[in-house]
Student: 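I have a structure I would like to understand better, so I am pasting it below and will then ask my questions one at a time.
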Amino acid sequence: LTDPVVFIFDRYGKLLKQLDETTIGWDGTFNGRPMPSSDYWFRLEYARDEDGVQVANTIRTHFSLVR
């Protein structure tokens with residue numbers, strides 16, 4: 001993948017974290033406070049080389065944070 005970026009949102013659509021290839025990951029907090037166990041959404045944006053052409057792709061899905 002080229003230039004992957006992940007955006008993590010709460011169930012109301014509030015952006016909680018933006019991760020790129022230099023970011024270690026998300027520790028389940030927002031502004032230093034732990035987020036509750038719940039469903040969260042993420043969007044992965046990336047480019048992929050297809051026969052010399054960069055093609056932009058987006059994946060949107062959800063996950064459950066369990067504490």
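Fair warning: this is a prediction, and the values are worked out from it, not measured in the lab. Each residue takes its place number in the sequence, starting with 1.
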Student: Output the distance between atom OH (Y46) and atom OG1 (T2), rounded to the nearest 0.5 Å.
Tutor: 10.5 Å

Student: So do R43 and I59 actually touch side chain to side chain, heavy atoms under 4.5 Å?
Tutor: no

Student: Holding to side chain to side chain contact (heavy atoms under 4.5 Å, CB included), I want the full list of residues that pass it with R11, two or more places apart in sequence or in another chain.
Tutor: S38

Student: What are the two closest non-hydrogen atoms of L44 and P4, and how far apart are they?
Tutor: CD1-CB, 4.2 Å

Student: Would the W26 and Y40 ring centres measure less than 6.0 Å apart?
Tutor: yes

Student: Once side chain to side chain contact (heavy atoms under 4.5 Å, CB included) is applied, do any residues pair with I24, and if so which ones, sequence neighbours excluded?
Tutor: none

Student: Same hydrophobic cluster for L16 and L65, using side-chain heavy-atom links shorter than 4.5 Å among ILVMFWY?
Tutor: yes

Student: Residues sharing V53's hydrophobic cluster, by side-chain heavy-atom contacts under 4.5 Å among ILVMFWY, directly or via others?
Tutor: V55

Student: Name all pairs fulfilling the salt bridge (charged side-chain N to carboxylate O under 4.0 Å, His left out) condition that reach into residues 26-39, sequence neighbours left out, sorted by first residue then second.
Tutor: none

Student: Do the side chains of V5 and F63 join up, straight or via other hydrophobic residues, at under 4.5 Å, putting them in one cluster?
Tutor: no

Student: Going by side chain to side chain donor-acceptor pair (under 3.5 Å), name the residues that satisfy it together with R60, two or more places apart in sequence or in a different chain.
Tutor: none

Student: How about L19 and I8: do any of their side-chain heavy atoms sit closer than 4.5 Å?
Tutor: yes

Student: Return the set of residues passing side chain to side chain contact (heavy atoms under 4.5 Å, CB included) with Y12 (not counting sequence neighbours), or none when no residue passes.
Tutor: D10

Student: Quick check against the 3.5 Å criterion: does R67 have a side-chain atom that pairs as donor or acceptor with the backbone of G28?
Tutor: yes

Student: Would you give the length of the straight line joining atom OG1 of T29 to atom NZ of K17, rounded to the nearest 0.5 angstrom?
Tutor: 7.0 Å

Student: Test of understanding: with salt bridge (Lys or Arg N to Asp or Glu O under 4.0 Å), list the residues that count as partners of R48, not counting sequence neighbours.
Tutor: E50

Student: Drop me the distance from E45's CD to N57's CG, to the nearest 0.5 angstrom.
Tutor: 10.5 Å

Student: By side chain to side chain contact (heavy atoms under 4.5 Å, CB included), which residues pair with L15, not counting sequence neighbours?
Tutor: F7, F9

Student: Kindly write out the residues that satisfy side chain to side chain donor-acceptor pair (under 3.5 Å) with T22, not counting sequence neighbours, or none if the list is empty.
Tutor: D20

Student: List in chain and number order the residues that pass salt bridge (Lys or Arg N to Asp or Glu O under 4.0 Å) with E21, two or more places apart in sequence or in another chain; answer none if no residue qualifies.
Tutor: none

